[in-house]
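Shown next, in structure tokens, is the structure this report addresses.
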Amino acid sequence: MLIICYVYQPMAGMDRFCASERFEYLQGLVTEFQDTDSEEAKEQILANLANFAYDPRNMEALRMLQVTELFLDMLTEENENFVEFGIGGLCNLTMDRECRDQILESRGIPLVTGCLSSHRDETVLSAITTLMNLTTAASRSETTDSAVVQCMLRFSLTQNPRLSNLATVFLEDYCSQEQVDRARELMQGHSQSVVGIPLPKE
């Protein structure tokens, strides 16, 4: 079972664009992001790019413009909005196989996993869904690493129903019972942190 977290909705203004016009418009956004020194402007551009990553018609252009790498770069920024929009964009991009493969080839899983420690629910929800979408036969051992499973166990017990439900789906559909049991054992006596992933405060 695969749940897609559509954090950002598409913008109507792009519907009338042909492929070349889409590329030029998206290229303009990327260039503006690189040229501006305004954090507020960068946040708006990132939000727009995350929006456009929702639409399959934009995927080829976004790949060519290396927006996948741009979103990955945002995951280590101190600005929490940059992180939220970056992981939201990646969440949408991972619906596309080629974009997913780009993220895996760029060794993006540790960066996505790091977002599990965010205090923002939307960032954590997008990170969980992105890990689901990045899970393949080759990457499963990394996306369902023991530290990740321990986080999901904690999230499954939270009062936030969106977070607990999504974490439960992850545990049931992406992890073996053996992994879950082992993670529970490792969690004994380690309530505040999990092997390299500081857990969000309750």
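Count residues from 1 along the sequence.
- The only member of D96, L62, L90 that meets side chain to side chain contact (heavy atoms under 4.5 Å, CB included) when paired with T68 is L90.
- In this structure, L166 CG and T129 OG1 are separated by 4.5 Å, a value rounded to the nearest 0.5 Å.
- The line from OG of S38 to CD of E32 is 9.5 Å long, rounded to the nearest 0.5 Å.
- In the hydrophobic cluster analysis, where Ile, Leu, Val, Met, Phe, Trp and Tyr join through side-chain heavy atoms closer than 4.5 angstrom, M64 is grouped together with F71.
- E142 contributes no side-chain N or O that, together with a main-chain N or O of S139, makes up a donor-acceptor pair within less than 3.5 Å.
- With rounding to the nearest 0.5 Å, the separation of CG in D73 from CD in E69 is 6.5 Å.
- The backbone N or O of P161 sits less than 3.5 Å from a side-chain atom of S164, completing a donor-acceptor pair.
- The only member of E40, K42, R120, E39 that meets side-chain hydrogen bond (donor to acceptor under 3.5 Å, both in side chains) when paired with N81 is R120.
- V148 has its side chain within reach of D145: a pair of non-hydrogen atoms, C-beta onward, lies under 4.5 Å apart.
- Rounding to the nearest 0.5 Å places OG of S126 at 6.5 Å from CD1 of I87.
- The shortest distance between side-chain heavy atoms of M59 and E98 does not fall below 4.5 Å.
- Nearest heavy-atom pair across M74 and G86 is CB-CA, 4.2 Å.
- A 4.5 Å side-chain heavy-atom check between I103 and R100 finds every atom pair outside the cut-off.
- Using modelled atom types, no side-chain atom of N58 and backbone atom of A53 make a donor-acceptor pair closer than 3.5 Å.
- Between C91 and T130, the shortest heavy-atom distance links the atoms CA-OG1, 3.2 Å.
- Rounded to the nearest 0.5 angstrom, N133 CG and I128 CD1 are separated by 12.0 Å.
- Listed here is the closest heavy atom pair of V149 and C175: CG2-SG, 3.9 Å.
- Of the inter-residue distances, the one linking Q34 atom CD with L29 atom CG reads 11.0 Å to the nearest 0.5 angstrom.
- In this structure, S117 contributes its side chain and G114 its backbone to a donor-acceptor pair below 3.5 Å.
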Would T76 and V83 satisfy side chain to side chain contact (heavy atoms under 4.5 Å, CB included), going step by step from the backbone distance to the final call? CA-CA 7 Å; T76 55; V83 177; over 6 Å; no
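- Remark: the T135 side chain and the T143 side chain contain an N/O donor-acceptor pair separated by less than 3.5 Å.
- Between M132 and V169, some side-chain heavy-atom pair lies under the 4.5 Å cut-off.
- In this structure, the side chains of V180 and M152 stay at 4.5 Å or more apart for every pair of heavy atoms.
- In this structure, the side chains of F52 and V67 stay at 4.5 Å or more apart for every pair of heavy atoms.
- A search for side chain to side chain donor-acceptor pair (under 3.5 Å) contacts involving T123 returns nothing, not counting sequence neighbours.
- Residues E80 and S118 bring no donor and acceptor atom of their side chains to less than 3.5 Å of each other.
- Within a 6.0 Å radius of CD in Q66, other residues, nucleotides and ligands contribute 12 heavy atoms or fewer.
- With hydrogens and angles disregarded, a donor-acceptor distance shorter than 3.5 Å links the side chain of Q179 to the backbone of T144.
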How far apart are the C-alpha atoms of N160 and F155, what are their side-chain angles, what is the distance that settles it, and do they pass the side chain to side chain contact (heavy atoms under 4.5 Å, CB included) test? CA-CA 9 Å; N160 181 330; F155 294 151; over 6 Å; no
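- Within a 6.0 Å sphere centred on CD of E60, other residues, nucleotides and ligands contribute 12 heavy atoms or fewer.
- Using a distance-only test at 3.5 Å, with no hydrogens or angles considered, a donor-acceptor pair links the side chain of R140 to the main chain of Y174.
- Shortest non-hydrogen contact noted between V112 and A127 is CG1-O, 3.6 Å.
- Put simply, the side chain of L153 reaches to within 4.5 Å of the side chain of L171, judged on heavy atoms.
- With no hydrogens or angles considered, a side-chain donor-acceptor pair links Q150 and S146 at under 3.5 Å.
- For the pair Q188 and R184, the tightest heavy-atom approach, listed with the atom from each and the gap, is NE2-O, 3.3 Å.
- Contact between L93 and C99 at its shortest, heavy atoms only, is O-CB, 3.2 Å.
- Counted within 6.0 Å of CD on E185, heavy atoms from surrounding residues, nucleotides or ligands total more than 12; the atom is thus considered enclosed.
- Side chains of T158 and R154 form no contact here, defined as non-hydrogen atoms less than 4.5 Å apart.
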